[in-house]
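Numbering starts at 1 and runs along the sequence shown. FYI, side chains are in, hydrogens and waters are out, and symmetry mates aren't considered; it's all heavy atoms of this structure. No experiment lies behind these values; they were computed from the predicted model shown.
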Amino acid sequence: MSPAKSVILVTGGSGLVGKAIEWVIENDPKYGKREGEEWVFLTSKDANLVDPAATKAVFEKYRPTEIIHLAAKVGGLFGNMAANLDYFRDNLLINDNVLHNAKEFGVKKVVSCLSTCVFPDKTSYPIDETMVHLGPPHDSNYGYSHSKRMVDVMNRAYNDQYGCNFTSVIPTNVFGPHDNFHLVNSHVIPGLIHKCYLAQQNGTPFIMSGTGRPLRQFIYSRDLARLFVWSLREYKEITPLILSVPEEEEVSIKQVGDSIVNAMGYTGDYKFDTTKADGQYKKTASNKKLMSLNPDFKFTPFDVALNETVEWFNQNVDSIRK
């Protein structure tokens with residue numbers, strides 16, 4: 001007998017992580033597609049998941065057996081500050097619609113994507129999985145943060161009440177191909193790649209804001225994708241799991257700038273504007289639980305991952321999100 005068919009639905013399938021999962025499914029010998037699996041990458045064009053009827057229609061169409069839930073309303077700092085209610089409501093509705101239908105349609109497993117912003121603003125470091133609900137999140141994006149925390153609450157409640165196998169993971173800073181390279185509304189690495197590219201094109205200085213001293217843990221999107229697939233297949237708990245490089249692989253923002261300059265072959269003036277704020281010095285997360293469960297996992301070295309991202313940027317510079 002051939003194995004029963006699995007239909008794995010990936011919401012938010014056209015974003016940075018969704019595209020990385022698609023790449024891994026098609027290309028990775030260990031974490032790629034298995035016999036009997038059908039992978040469906042859902043985009044916002046396929047359905048508005050804020051709408052209960054549209055969400056139900058997607059479940060009726062595809063009848064998923066497993067789900068990786070990435071879809072969310074996301075925005076930058078100023079967007080969140082101006083519309084905390086909108087981020088709270090839209091994400092609550094998206095998550096409620098997806099999980100409710102997953103229960104109704106008998107989905108075997110759901111892995112939802114949270115964010116490190118769920119952690120308390122005032123906390124000790126390194127942060128770990130036990131700290132999610134130990135204090136209020138940062139005030140700037142409390143709407144989005146609380147909506148993401150509620151996924152963990154719903155996962156536990158669905159498990160307690162109905163025995164559903166719904167869990168979540170918490171990635172640290174993600175970067176890679178298919179990122180948002182907008183100069184204002186992007187995360188630090190794609191924004192700096194675009195800025196360096198323009199400096200190179202225009203023969204102007206590449207100026208980075210702040211001192212370059214803050215430290216961050218960056219995870220390559222394709223490594224994160226492998227860990228999402230592993231979580232779907234192997235992670236047994238309902239409690240969230242941090243997906244991150246080890247603490248000792250934190251890199252400074254200056255190291256990020258240096259690596260971008262090298263990867264892009266930029267030879268112009270490169271300096272730091274120390275009149276600009278640095279932001280939080282560090283927000284280290286522990287990956288001890290992940291490595292205890294998946295001890296053989298190998299992360300792509302930062303410079304290798306950055307070179308691949310820059311190469312993808314250069315090949316797609318005319319069509320990327322910027």
Side-chain angles (χ1 to χ4, degrees), residues 15-33 70 113 116 126 169-181 186-200 206 208 212-231 241-268 270 282-288 290-291 293-317 319-322:
L16 168 64
V17 182
K19 281 296 193 184
I21 292 173
E22 189 173 19
W23 186 91
V24 164
I25 289 307
E26 291 171 358
N27 296 286
D28 194 283
K30 182 173 182 181
Y31 295 97
K33 186 175 180 178
L70 308 172
C113 186
T116 51
V169 293
I170 308 174
T172 47
N173 305 275
V174 193
F175 73 99
H178 299 279
D179 212 334
N180 171 12
F181 291 87
S186 64
H187 291 119
V188 61
I189 287 180
L192 288 174
I193 289 172
H194 189 187
K195 205 172 174 182
C196 185
Y197 168 80
L198 291 176
Q200 195 171 35
F206 174 39
M208 289 182 47
R213 283 197 292 265
L215 300 170
R216 294 291 181 269
Q217 286 158 296
F218 292 103
I219 185 167
Y220 187 35
S221 58
R222 289 173 180 172
D223 287 346
L224 179 60
R226 293 177 181 103
L227 289 170
F228 257 104
V229 174
W230 170 84
S231 299
L241 179 67
I242 292 171
L243 303 182
S244 172
V245 298
E247 296 166 49
E248 55 272 17
E249 288 186 30
E250 275 185 322
V251 294
S252 71
I253 300 302
K254 182 180 187 305
Q255 285 172 275
V256 172
D258 293 349
S259 296
I260 289 171
V261 164
N262 290 336
M264 300 206 77
Y266 174 76
T267 54
Y270 161 48
K282 62 187 293 184
K283 27 190 177 181
T284 316
S286 169
N287 79 343
K288 284 190 173 60
L290 168 65
M291 297 317 290
L293 297 170
N294 190 358
D296 298 327
F297 189 82
K298 298 285 185 287
F299 291 93
T300 306
F302 178 74
D303 281 337
V304 174
L306 191 77
N307 283 335
E308 289 180 10
T309 305
V310 165
E311 186 181 344
W312 186 90
F313 173 88
N314 286 331
Q315 288 170 354
N316 296 276
V317 70
S319 60
I320 54 174
R321 293 186 286 161
K322 63 182 194 303

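With Asp28 contributing its side chain and Lys30 its backbone, the two residues share a donor-acceptor pair below 3.5 Å. Using a distance-only test at 3.5 Å, with no hydrogens or angles considered, no donor-acceptor pair links the side chain of Asn294 to the main chain of Leu290. In this structure, the side chain of Asn287 engages the main chain of Ser244 through a donor-acceptor pair within 3.5 Å. Of the possible donor and acceptor atoms, one in the side chain of Gln200 sits under 3.5 Å from a partner among the backbone N and O of Met264. Using a distance-only test at 3.5 Å, with no hydrogens or angles considered, no donor-acceptor pair links the side chain of Glu249 to the main chain of Pro246.
Paired with Tyr197 under the rule ring pair (Phe, Tyr, Trp, His ring centres under 6.0 Å), one option of Phe313, Phe181, Phe206 passes, and it is Phe313.
Side-chain contact between Ile253 and Met208: present, with at least one pair of heavy atoms (C-beta onward) separated by less than 4.5 Å. With a 4.5 Å cut-off on side-chain heavy atoms, Asp223 and Phe297 count as touching. Side-chain contact between Gln217 and Ile242: absent, with no pair of heavy atoms (C-beta onward) separated by less than 4.5 Å.
Of all heavy-atom pairs spanning Pro177 and Leu16, the tightest one is O-CD1, 3.2 Å. In plain terms, the two heavy atoms of Ala20 and Ser221 that are nearest each other are CB-O, 3.3 Å. Summarising the geometry of Phe218 relative to Val256, their closest heavy-atom pair is CE1-CG2, 3.6 Å, with the distance given to 0.1 Å. Thr116 approaches Ile170 most closely through the heavy-atom pair N-CG2, 3.7 Å.
A side-chain donor from one of Asp258 and Tyr270 sits under 3.5 Å from a side-chain acceptor of the other. Looking only at atom types and distance, the side chain of Asn180 has no donor-acceptor partner in the side chain of Ser186 under 3.5 Å away.
For the salt bridge (Lys or Arg N to Asp or Glu O under 4.0 Å) test, residues two or more places apart in sequence or in another chain that qualify with Lys19 are Glu22.
Ring-centre distance between Phe302 and Phe175: below the 6.0 Å cut-off.
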